[in-house]
Amino acid sequence: MSVAILIPARYASTRYPGKPLAEIALPDGTRKSLIRLSWEAAQAVPGIDAVHVLTDDARIRNAALGFGASVVMTSPDCRNGTERCAEAAERIGAEIVVNLQGDAPLTPPWFVEALVAEMRAAPGVQVATPVLRCDATTYAHFTEDRRQGRVGGTTAVFDVHGDALYFSKEVIPWLDSAKIAGAPPVWHHIGVYAYRQAALSAYRAWPVGRLEGLEGLEQLRFLEHGQKIRCVEVEAHGRVFWELNNPADIPRIEAALREMA
């Protein structure tokens, strides 16, 4: 079963224009762009048949070609990364398509491996995404972002079968102070997805969902149209995970890279 990792990257981000080309300081003093670090994270996943950067911007294309990535140019009309993956998937032809977003360079390879394993083991699963239980530090980042009025990470709630009930940029479920200590029962949604071709084709044909528009979360379109999303629980194994959502996240990512060195 062929697997391709696609890395959608757009320059015109509302919250952080030019984000894929933002430079991150590495522990050795060198600097690399966010898109390059995300591509290197994809290259570290074993058993993948192909990795492609998807963009509609010449600056990102040129930067990606410069560090040796394969680039697929997509339409500027794509409204989010899933639509960009859907367009590219028609040309690539992989049976399983993994969307590794270009702002997640700290994604461990076993997160993607877990998604692919779930898709292979459960043929009825059309879409899968990883969830990671928050530790105290991550939960504090979530709540601090909310206090500061920043849009930070996304949380997920799911049923007893592991199928998503909802995703939100708010911290859900609500917890009283007695339940916050240790590992709070809040699940950090990792912005990586595995899809089958049929799910991507359907997604591209659907209109933007009401909740998708309100939350600004592309995966809600699946739920609003009745398509289940399997939440796959993953373990950090001591690794810190955080996406680059805002400029304030750069020091967090740089600190995590220092810890990993």
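- At least one donor-acceptor pair under 3.5 Å links the side chain of Arg133 to the backbone N or O of Pro184.
- In plain terms, the two heavy atoms of Val51 and Gln43 that are nearest each other are CB-NE2, 3.7 Å.
- Looking only at distances, no side-chain donor or acceptor of Glu259 sits under 3.5 Å from a matching main-chain atom of Ala256.
- Proximity of a side-chain donor or acceptor of Glu254 to a complementary backbone N or O of Leu26 within less than 3.5 Å is not detected.
- Within the 4.5 Å cutoff, the side chain of Ile96 has no heavy atoms near those of the Ser2 side chain.
- One hydrophobic cluster, built from ILVMFWY side chains closer than 4.5 Å, holds both Val125 and Val112.
- Within the 4.5 Å cutoff, side-chain heavy atoms of Lys19 are placed close to those of Leu244.
- With sequence neighbours left out, Glu113 forms a salt bridge (charged side-chain N to carboxylate O under 4.0 Å, His left out) with no residue at all.
- A donor-acceptor pair is defined here as one N or O able to donate and one able to accept, closer than 3.5 Å; no such pair exists between the side chain of Asn246 and the backbone of Ala248.
- Side-chain atoms of Leu106 and Met260, non-hydrogen and from C-beta on, do get closer than 4.5 Å to each other.
- Listed by chain and number, the residues in a salt bridge (charged side-chain N to carboxylate O under 4.0 Å, His left out) with Asp145 are Arg150, Arg252 (sequence neighbours excluded).
- Val192 and Pro130 make their closest contact through O-CD, 3.1 Å (heavy atoms, listed as atom of the first residue, atom of the second, distance).
- The heavy-atom pair separating Ala9 from Thr55 by the smallest distance is O-OG1, 2.8 Å.
- Taking all atoms of both residues into account, the shortest heavy-atom contact from Ala69 to Val53 is CB-CG2, 4.0 Å.
- Between the side chain of Glu224 and the main chain of Leu211, a donor-acceptor pair closer than 3.5 Å is present.
- Of all the heavy atoms in Val72 and Ile92, the pair that sits closest is CG2-CD1, 4.5 Å.
- Distance alone, capped at 3.5 Å, is enough to place a donor-acceptor pair between the Gln101 side chain and the Gly191 backbone.
- Side-chain heavy atoms closer than 4.5 Å link hydrophobic residues (I, L, V, M, F, W, Y) into clusters, and following such links, even through other members, never connects Phe167 to Leu175.
- No single ILVMFWY cluster, assembled from side-chain heavy atoms under 4.5 Å apart, contains both Val97 and Met119.
- For the pair Glu83 and Arg204, the salt-bridge criterion is not met [side-chain N within less than 4.0 Å of a carboxylate O].
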**Study point:** side chain to side chain contact (heavy atoms under 4.5 Å, CB included) between Trp187 and Leu132, worked out
**Key:** CA-CA 5 Å; Trp187 292 87; Leu132 176 66; 5.6 Å; no
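- By the 4.5 Å heavy-atom criterion applied to side chains, Ser75 and Glu87 are counted as neighbours.
- Between Ala199 and Phe222, the closest heavy-atom pair is O-CE2, 3.7 Å.
- Note that CG of Leu54 is 8.0 Å distant from CD1 of Ile7, once rounded to the nearest 0.5 Å.
- For Tyr203 and Gln126, the side-chain atoms include no donor-acceptor pair closer than 3.5 Å.
- Through ILVMFWY side-chain contacts below 4.5 Å, Trp174 is grouped with nothing and stands alone.
- A salt bridge (Lys or Arg N to Asp or Glu O under 4.0 Å) check over residues 120-130, counting only residues at least two apart or in different chains, returns nothing.
- A 4.5 Å side-chain heavy-atom check between Val131 and Phe158 finds at least one atom pair inside the cut-off.
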Name every donor-acceptor pair, under 3.5 Å, that has one atom in a side chain of residues 226-241 and the other anywhere in the protein, sequence neighbours excluded.
residue	atom	partner	partner atom	Å
Arg230	NE	Asp163	OD1	2.9
Arg230	NH1	Glu118	OE2	2.7

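- Here the side chains of Ser38 and Asp103 are not in contact, with every heavy-atom distance at 4.5 Å or above.
- Arg10 is not listed as a side-chain neighbour of Pro20, based on a closest heavy-atom distance of 4.5 Å or more.
- Using a cutoff of 4.0 Å between basic side-chain nitrogens and carboxylate oxygens, Arg79 and Glu218 are not scored as salt-bridged.
- Between Glu144 and Arg147 there is a salt bridge, since a side-chain N of the basic residue sits under 4.0 Å from a carboxylate O of the acidic one.
- Ring geometry for Tyr193 against His189 counts as tilted: the plane angle lies between 30° and 60°, on a 0 to 90° scale.
- Val116 and Leu200 end up in different hydrophobic clusters when Ile, Leu, Val, Met, Phe, Trp and Tyr side chains are linked at under 4.5 Å.
- Looking at heavy atoms from C-beta onward, Val127 lies out of side-chain contact with Arg196 at the 4.5 angstrom threshold.
- A side-chain donor-acceptor contact under 3.5 Å links Thr129 to the backbone of Ile190.
- Listed by chain and residue number, His188, Trp242 satisfy the ring-ring contact (aromatic ring centres under 6.0 Å, His included) test with Phe142 (two or more places apart in sequence, or in another chain).
- Distance alone, capped at 3.5 Å, places no donor-acceptor pair between the Ser201 side chain and the Ala198 backbone.
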